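These numbers were taken from a predicted model, which means no experiment stands behind them.
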Amino acid sequence: MANNSIIQHMMNVLDQYEVKALPAGQVAMFLDEYAHVLEGISSETLVLVRQAAAQLVKSDEESSGPVSAAAALEQLRAQVLSLLGESSNPDILVRAPQAGS
C-alpha cells in the first residue's frame with residue numbers, strides 16, 4: 001500500500017468520526033496503526049499526529065462542547081494532510097496494518 005493510500009485511509013477514519021460512526025478512542029488507535037506502516041515520514045511529524053489524536057480523545061471525553069471537538073478534529077486533519085508533504089516518496093509501497101495488531 002502506498003503512503004497516499006494509507007493517508008487516504010487515515011482521512012476516512014476521521015470522516016467516520018465526524019459522522020459519529022467511530023468513537024475518538026478508536027480513531028486514535030486506527031491512526032496509530034496506520035502511522036506504523038508509513039515510510040519516509042519523520043518521527044517528529046508522527047508524534048504531532050499522535051498528539052493531535054490524543055487531543056481529539058481528550059476533547060471528546062471532556063465533553064467540552066462541539067466547538068472544541070470540531071477544532072481538535074480540524075487540527076488532526078491538518079496533521080494527517082501534512083504527512084503527504086513530508087513523505088519523501090508518497091508512492092513507496094508498504095505493508096497494510098494487520099487486523100488486531
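Gln8 is linked by a side chain to side chain contact (heavy atoms under 4.5 Å, CB included) to nothing, counting only residues two or more places apart in sequence or in another chain. Partners of Val57 by side chain to side chain contact (heavy atoms under 4.5 Å, CB included), not counting sequence neighbours, listed by chain and number: Ala24, Ala28, Glu61. For the side chain to side chain contact (heavy atoms under 4.5 Å, CB included) test, residues two or more places apart in sequence or in another chain that qualify with Leu46 are Ala35, Leu38, Ile41, Arg50, Leu83.
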Output side-chain donor-acceptor pairs under 3.5 Å for residues 69-81, partner residues at least two apart or in another chain, one line each.
residue, atom, partner, partner atom, Å
Arg77, NH1, Asp15, OD1, 2.9
Arg77, NH2, Asp15, OD1, 3.3
Arg77, NH2, Glu18, OE1, 2.6

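Here the shortest heavy-atom pairing between Tyr17 and Val27 reads CB-CG2, 3.5 Å.
Linking Ile, Leu, Val, Met, Phe, Trp and Tyr residues whenever their side-chain heavy atoms come within less than 4.5 Å places Leu84 and Phe30 in a single cluster.
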With side-chain contact (heavy atoms from CB on, under 4.5 Å) as the criterion, how do Leu48 and Gln51 come out once you've worked through the C-alpha distance, each side chain's angles and the decisive distance to 0.1 Å? CA-CA 5 Å; Leu48 293 175; Gln51 288 174 342; 3.6 Å; yes

Show your working on side-chain contact (heavy atoms from CB on, under 4.5 Å) between Leu14 and Met11 and close with a plain yes or no. CA-CA 5 Å; Leu14 298 178; Met11 294 301 289; 4.1 Å; yes

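In this structure, the side chains of Ser82 and Thr45 come closer than 4.5 Å at one or more pairs of heavy atoms.
Judged as a side-chain hydrogen bond (donor to acceptor under 3.5 Å, both in side chains), not a single pair has a partner in residues 22-31 (not counting sequence neighbours).
In this structure, CG on Asp60 lies 11.0 Å from CD on Gln55, to the nearest 0.5 angstrom.
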